[in-house]
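In each ligand, atom 1 is the first atom listed, and ligand 1 is the first ligand listed.
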Amino acid sequence: MSKSTKKSFFACTTCGYESLKWLGKCPMCQGWDTFKEMAPVAKANGKEQRRPVILSDEELADEERIVTGIEEMDRVLGGGMTTGSAILLGGDPGIGKTTLCFEIASKLTERGVKVLYVSGEESLKQLASRKKRLGLAARFAFLTTNHLDDILSAMAEERYGLLIVDSVQSIYNPKLPMLPGSMGQVKDVATRLTMEAKAADTSFIVIGHVTKEGAIAGPKILEHMVDTVLYFEGDKMLPYRLLRTIKNRYGAVEEVGIFQMSGGGLTSVENPSQFFMSQRGEIGEGSSLFPYITGSRPIILEVQAITQKTNFSMPRRLSLGYDVNRLFILISVVEKAIGKPFFDRDIYVNVTGGMKVNEPGIDLAVAASILSSFKETTLGRDTAFFGEIGLTGELRKIVNMDLRIKECQRIGIRRIFCPADGTHDTSNIEIVTIRNIKELYKRIGNG
Ligand SMILES: Nc1ncnc2c1ncn2[C@@H]1O[C@H](COP(=O)(O)OP(=O)(O)OP(=O)(O)O)[C@@H](O)[C@H]1O
Ligand SMILES: [Mg+2]
């Protein structure tokens, strides 16, 4: 076994676990004889201020932002990309991460930013044909490599305004004994690139693959290292994609960008309510509309439910886009209020369009959908529902009620079931104030 020097350390070649002493068995991945001695990595950050200073007004000035011109991208970034920031873009295979980065690279090149696109996954020929298919005329630099050093030397030779690395898992440092794509490699590659990019004031977008469980593959530390974490999501069978902010040091989280995907690339959907409405036909039994607010923007979503006689000894409750524990509570509350038990019925709830709604304001729409399916009656395209339902079945006020009503008015909805408030603008719209589940039950199917 090699002798340890004062400053070197040992790391597991499988998972990257670090230790000052050599270990026979890795405490993290449980692998045997996986530890190798490593030379210490110099952690120099060009942006360091190593003595205490008092910030002056100049230094407190707003960060400089580059507006990408892709509206939905600028929205999720909080008004454009901050110069020198690091962005991690995660998403399922084939969802459109590379396509999105191509569009960003092209738009920024048109705005005079020098862009370097590093691909560790596709050949130059593949990249060229993709660029042609997407109809992008802007000329920016490509580098197809898997070696970290190639990227670092390209960055040392030329100063770029934007560096895109596709993907972090495909780049490795051959000086480390760990396999490419292993946690240790991902951590090293991401640390080195983030530091270099920050030192050179280069904005940095790194693509990260997502594991089966939905987390970005590699250590969680990746998310801590960068300034912004974005997830690109959506159902591959549907034409739209959601770009969601998970973390943002330069803007609000919970902001969602909506894109439409086609062979010719991605286009921003600037009027999502209209878009989601045009995607659906008539509102059938068990469906209701809900004005959802994500970030700063309202979107009208459709909530669907089926209730049917069960074939199981225990009836099933499943939910997509709505918290299943909340569904259990809601079902109990509805059962208690109306005295029609669902004990022999399966209940399935789905928020269409792949949206995951965490706000309690959707409760009334979920209850309305369940009751609509149960009563075998339709609620119609011109009616929306919002409000939180408490444990005693009472309807509670939620935030941004005015904004929701305005969006319903704008989209042509004529009736809203919601908690009483009394301060709304009621032109062109009927506000049906509901106090509890019992009242909702009476109104559904009876006009
Ligand atoms: N020739 C084509 N015509 C139409 N659409 C295409 C074509 N090629 C790719 N696409 C669309 O682009 C999507 C793939 O996009 P992209 O390669 O950007 O995804 P990705 O997230 O980078 O995938 P990966 O994880 O494999 O890198 C496909 O799912 C498909 O919808
Ligand atoms: Mg890709």
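Residues passing the side-chain contact (heavy atoms from CB on, under 4.5 Å) test with Ser153: none are found, sequence neighbours excluded. For Tyr348, there are no ring pair (Phe, Tyr, Trp, His ring centres under 6.0 Å) partners at least two apart in sequence or on another chain.
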Would you tabulate the polar-atom pairs, meaning N/O of ligand 1 against N/O of the protein, with distances under 3.5 Å, reported to 0.1 Å?
residue, atom, partner, partner atom, Å
ligand 1, 8 (N), Arg133, NH2, 3.2
ligand 1, 15 (O), Thr99, OG1, 3.4
ligand 1, 17 (O), Arg130, NH1, 3.2
ligand 1, 17 (O), Arg130, NH2, 2.8
ligand 1, 18 (O), Thr98, N, 3.3
ligand 1, 18 (O), Thr99, N, 2.8
ligand 1, 18 (O), Thr99, OG1, 2.5
ligand 1, 18 (O), Arg130, NH1, 3.3
ligand 1, 19 (O), Gly96, N, 3.0
ligand 1, 21 (O), Ile95, N, 3.3
ligand 1, 21 (O), Gly96, N, 3.0
ligand 1, 21 (O), Lys97, N, 2.8
ligand 1, 21 (O), Lys97, NZ, 2.9
ligand 1, 22 (O), Thr98, N, 2.9
ligand 1, 22 (O), Thr98, OG1, 2.5
ligand 1, 23 (O), Gly94, N, 2.9
ligand 1, 25 (O), Gly94, N, 3.2
ligand 1, 25 (O), Lys97, NZ, 2.9
ligand 1, 29 (O), Gly94, O, 2.9

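The minimum heavy-atom distance between Ser167 and Glu121, with the atom names listed, is OG-OE2, 2.8 Å. In this structure, Val334 and Ala367 approach most closely via the heavy-atom pair CG2-CB, 4.4 Å.
Between Glu359 and Arg404 there is a salt bridge, since at least one side-chain N of the basic residue sits less than 4.0 Å from a carboxylate O of the acidic one.
When the shell of 6.0 Å around CG of Asn428 is examined, it contains 12 or fewer heavy atoms from other residues, nucleotides or ligands.
Remark: Ile164 CD1 to Ile104 CD1 distance equals 6.0 Å, nearest 0.5 Å.
Paired with Val118 under the rule side chain to side chain contact (heavy atoms under 4.5 Å, CB included), one option of Leu163, Leu193, Asn146, Asp166 passes, and it is Leu163. Each of Asp363, Leu364, Ile398, Asn400 was evaluated against Phe386; a single residue qualifies, Ile398, per the side chain to side chain contact (heavy atoms under 4.5 Å, CB included) test.
By the criterion of a separation under 2.8 Å, the protein N/O/S atoms near the Mg ion (ligand 2) amount to Thr98 OG1.
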